[in-house]
Amino acid sequence: MAPKRKAAAATGRPSKRVASGVSTPVSNKDSDGEYGESEELDVDVDQSDIEAKHKYDNAVKKFQPSTYAKDTAYPSGDPASRLFKAKHDFFDEPLKPDHRLRPLWIDRENGRVVLETFSPSFKRAQNFLINIAEPVSRTTNMHEYTITPHSLFAAVSVGLTKDDIIKDLELFSKTKVPENIKQFVHQVTESFGKVRLVLKHNKYFVESNDAKVLQMLLRDEVISQCRVQESDELVTEKAAKKGGLVIPGTKDAAGVREAQANQQPKREDEEDDSEDEFGGREAEKDMEEFLREEEDDDDLDQVHSFEIDGEKIQQVQEHCNVKLNLPLTEEYDFRADEVNANLDIDLRPSVQIRYYQEHALSKMFGNGRARSGIIVLPCGAGKTLVGITAACTVKKSAIILCTSAMSVVQWREEFKKWSNINPEDIAVFTSNEKQKLNHRAGIVICTYSMVSSKEGKRAYDTKQVMDFITGREWGLMVLDEVHVVPAEMFRRVTERVKTHSKLGLTATLLREDDKIKDLNFLIGPKLYEANWLQLSEEGHIARVQCAEVWCPMTTEFYSEYLQAKTTNKRSLLSTMNPRKFQACQFLIDFHERRGDKVIVFSDNVYALEKYATGLRKPYIYGDTGQREREMVLQNFQQNDAVSTIMLSKIGDTSLDLPEATCLIQISSHYGSRRQEAQRLGRILRAKRRNDEGFNAFFYSLVSKDTNEMYYSSKRQAFLVDQGYAFKVITHLNGIDRMPNLAFATQQERMTLLTDVLLASETAAETENIKDDLFGDNYARKKNKGKGGRGGVKRQAGTLSSLAGGEDMAYLEYAKGRNKELAKPRNAFFRKEDRNKERRAKANREMLE
DNA sequence: CATCACGAAA
DNA sequence: ACTCCTTCGTGATG
């Protein structure tokens with residue numbers, strides 16, 4: 001322990017008393033088992049340690065290349081320390097004389113690139129790197145990227161040439177760009193992005209600037225079979241230019257409107273005096289420059305194409321991708337499309353999109369056509385608006401696919417809010433609502449399952465609408481939350497719906513399996529990815545304090561934990577750990593006093609109910625009826641007396657609660673990084689994010705010395721890579737003095753323990769029953785009879801079947817609790833005002 | 001037409 | 001390395 005303490009001190013961080021009541025002894029989460037019980041349990045050390053990352057960051061500030069590589073002061077758990085342990089021959093390269101101005105280190109071994117964020121040319125380098133490399137990790141002072149074939153493909157498909165790439169690599173690199181990296185770029189870009197799939201006048205063309213490539217393709221057996229033979233020659237024409245296309249909601253668009261109003265040409269330099277309110281001016285300029293360069297290139301070029309059979313597109317795409325390693329870029333020349341009716345839609349004049357949204361859209365519409373691809377933005381950063389703006393740019397029929405019926409409705413509302421579309425031109429298509437379009441063009445919003453579920457057993461009107469969707473041509477397809485839907489589903493969707501362009505939207509291109517790669521050729525390359533940390537610094541998404549709270553197991557629980565055979569039982573025991581319960585109680589109380597709105601997440605329904613009823617908080621889970629859900633949510637949003645709600649997995653997606661400012665996790669699913677990110681996303685859009693000194697809070701409650709520790713660190717990996725620092729809290733100061741602390745006596749804890757054991761055994765038994773003839777239905781009906789209606793049904797087989805009487809009692813209670821909320825109270829806005837100042841102050845103190 | 005049970009899928 | 005929760009669409013019911 002001693003060396004680590006020293007390491008923390010060496011960073012020069014002053015040790016401060018944390019006045020908030022949350023104090024954090026020195027801790028290091030890598031050292032798992034080494035923890036001396038006595039050291040962190042009761043001792044209240046006035047020292048905070050914000051994870052290995054910060055030590056690393058501080059060290060980097062004063063770094064010298066020579067000492068950098070051999071610095072071993074940092075524990076192996078550092079997000080980036082692995083970079084410096086392996087052999088690093090790029091340090092042997094002579095540095096360029098002005099290397100201090102250049103922010104890039106390039107590793108010739110693996111195409112890995114490290115970017116210094118404190119460099120003067122950081123922003124430009126970052127814009128460049130986002131185009132050509134995959135972000136691996138972006139911490140405060142150091143960003144890490146990898147150059148992969150795929151990232152290069154994405155680069156080429158947004159219009160960069162290999163010379164651009166190598167030129168800029170050389171520009172930003174501290175050393176000479178290694179020869180093998182150059183060759184790698186050459187090789188890969190040689191084949192990538194050269195060939196495009198274009199839908200023009202209702203016909204599919206394979207198009208390229210390089211006639212030789214097309215001739216090569218035509219010699220291929222599979223491709224030539226898919227060709228529509230009219231003549232042996234390629235069609236050659238002048239390449240399209242960007243000229244004149246403006247994306248709605250941008251300054252350009254405003255300029256054009258103005259110009260039209262005044263009948264005067266827009267002055268080129270008029271923007272110079274208008275400061276960008278989002279601080280992204282520089283990034284924007286780079287982009288404009290980049291676009292201009294690209295136009296120049298296009299001027300010189302001609303395009304060649306040959307037509308292919310519309311029926312065989314998938315075949316051609318797959319063949320080009322897998323066999324020829326020559327992925328087709330999909331582009332839609334929507335302005336030249338006279339076959340499909342135009343849709344009267346535009347952004348409302350007052351709407352201005354943010355710079356990064358514009359940035360993302362420039363990638364999509366960079367050459368005046370709509371490129372298919374994926375845009376990655378954090379939750380709350382306005383993905384919906386990006387989708388809507390894309391629809392407003394294309395101005396053709398568009399189909400929006402969502403994961404749930406709820407977000408379908410949300411999308412419709414957003415369309416009405418941001419655009420001037422005639423509400424009649426929006427049709428919603430879900431199981432309970434089947435609208436039809438009256439005009440030739442319109443927007444259809446529906447769920448994935450509606451479009452992708454198997455044919456056959458369909459209701460009559462469902463089939464009607466499906467026929468409508470499959471029977472026509474769409475200009476744009478927006479795929480919301482692309483990461484949650486499996487590749488197979490996309491395949492079916494893209495097979496059925498004929499669309500000219502596809503836009504995938506997501507917050508995280510992350511899955512625990514490897515299916516995400518399929519998206520690249522089913523939808524397109526990643527066009528843009530925003531930097532979370534940058535967005536939160538700029539106030540577009542909330543600033544978040546993340547903390548992991550370590551709760552020791554009580555002796556009774558721990559000995560049962562050690563004896564437990566099934567993982568199920570183990571996880572239940574660690575979730576139901578009384579100390580964790582107390583920590584949860586304390587944190588809720590603490591944040592409610594500060595005026596925060598708190599959401600507590602639990603994956604385990606049994607634990608959810610126990611916590612919720614024990615702490616007297618309303619809660620929602622899968623079986624909760626629709627009306628009750630709305631009631632609870634509405635109260636959370638409007639009723640000042642309800643500051644905390646508890647949610648199961650239901651809250652992970654599709655619930656939009658901008659009121660929430662604090663989030664507590666008591667149990668979570670294994671190592672799902674996506675879930676963690678999504679939950680964090682719940683509070684990123686906090687309404688009050690722009691208040692002075694405002695912070696959102698994200699707590700993970702972890703039972704010490706259990707599996708939760710392992711999973712928790714796995715789950716955090718993503719957020720740490722995005723630049724979030726996790727504070728480790730081992731003792732909540734003041735918790736001992738808290739009145740009415742739950743499970744304070746041995747007696748209570750034992751009762752809880754027997755309850756938990758009973759529940760886990762019952763769950764196991766039900767599993768067995770399930771194998772029997774009675775099956776799941778048996779358990780369901782049994783619970784049904786007892787619980788009755790009101791949506792407070794019991795999960796099959798937990799507790800309820802054995803602990804009858806008690807169960808009934810708290811059922812009644814739970815019903816009553818939620819009923820109480822029915823009449824919302826008013827006059828709560830006043831209180832919020834009073835809280836504001838206090839919160840800002842408390843926030844400052846809370847923060848180191 | 002609002003609500004519930006069922007089966008499927010992930 | 002490990003299991004469940006949830007959600008959706010459909011059809012039945014008063």
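Note on naming: letters A, B, ... go to the chains in the order of the sequence lines (proteins, then strands), and numbering restarts at 1 for each one.
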#### Entry: Separation of C:dT7 C1' from A:Glu481 CD (nearest whole Å)
15 Å
### Query
Touch check for A:Ser648, heavy atoms < 4.0 angstrom, all strands: base, sugar-phosphate only, or nothing?
sugar-phosphate
### Interatomic distance, A:Ile650 CD1 vs C:dT7 C1' [rounded to whole Å]
9 Å
### Query
Within less than 4.0 Å of OP1 or OP2 of C:dG9, is there a side-chain N or O belonging to A:Thr430?
no
### Task
For A:Met450 and C:dT7, give me the distance from atom CE to atom P, rounded to whole Å.
18 Å
### Query
OP1 or OP2 of C:dT7 sitting under 4.0 Å from any side-chain N/O of A:Thr447?
no
### Query
To the nearest angstrom, how far is A:Lys463 atom NZ from C:dG9 atom C1'?
16 Å
## Note on the structure
side chain to side chain contact (heavy atoms under 4.5 Å, CB included) filter on A:Ala405, not counting sequence neighbours, yields A:Thr430
### Summary
Between NZ of A:Lys649 and P of C:dT6 the distance, given in whole Å, is 7 Å
### Query
At under 4.0 Å, does any side-chain N or O of A:Arg492 touch on OP1 or OP2 of B:dA9?
no
### Query
A:Thr566 or A:Leu608: which one's nearest nucleotide on DNA chain C is closer to the 5' end?
A:Thr566
### Task
Taking only the side-chain heavy atoms of A:Thr462 (C-beta and beyond), determine which of C:dT7, C:dT10, C:dC5 contains the nearest atom.
C:dT10
### Message
So does A:Pro552 get a backbone contact from the side chain of A:Asn577, meaning a donor-acceptor N/O pair under 3.5 Å?
### Response
yes
### Query
C:dC5 C1' sits how many Å from A:Asp603 CG, rounded?
8 Å
### Message
Taking only side-chain N and O atoms of A:Ser431, does any of them lie within less than 4.0 angstrom of OP1 or OP2 on C:dG9?
### Response
yes
### Query
Tell me: CD of A:Glu433 to P of C:dG9, nearest whole Å?
12 Å
### Message
Using the side-chain heavy atoms of A:Lys434, tell me which of these nucleotides is nearest: C:dT10, C:dT6, C:dT7.
### Response
C:dT10
### Query
Would you call A:Arg685 and A:Glu659 a salt bridge, taking side-chain N to carboxylate O under 4.0 Å as the test?
no
### Query
Ion pair present between A:Asp603 and A:Arg679, side-chain N to carboxylate O less than 4.0 angstrom?
yes
### Query
What nucleotide, of C:dT7, C:dG9, C:dC8, holds the atom closest to the side chain of A:Arg629?
C:dT7
### Task
Please identify each residue that fulfils side chain to side chain donor-acceptor pair (under 3.5 Å) with A:Gln464, with sequence neighbours left out.
A:Tyr460
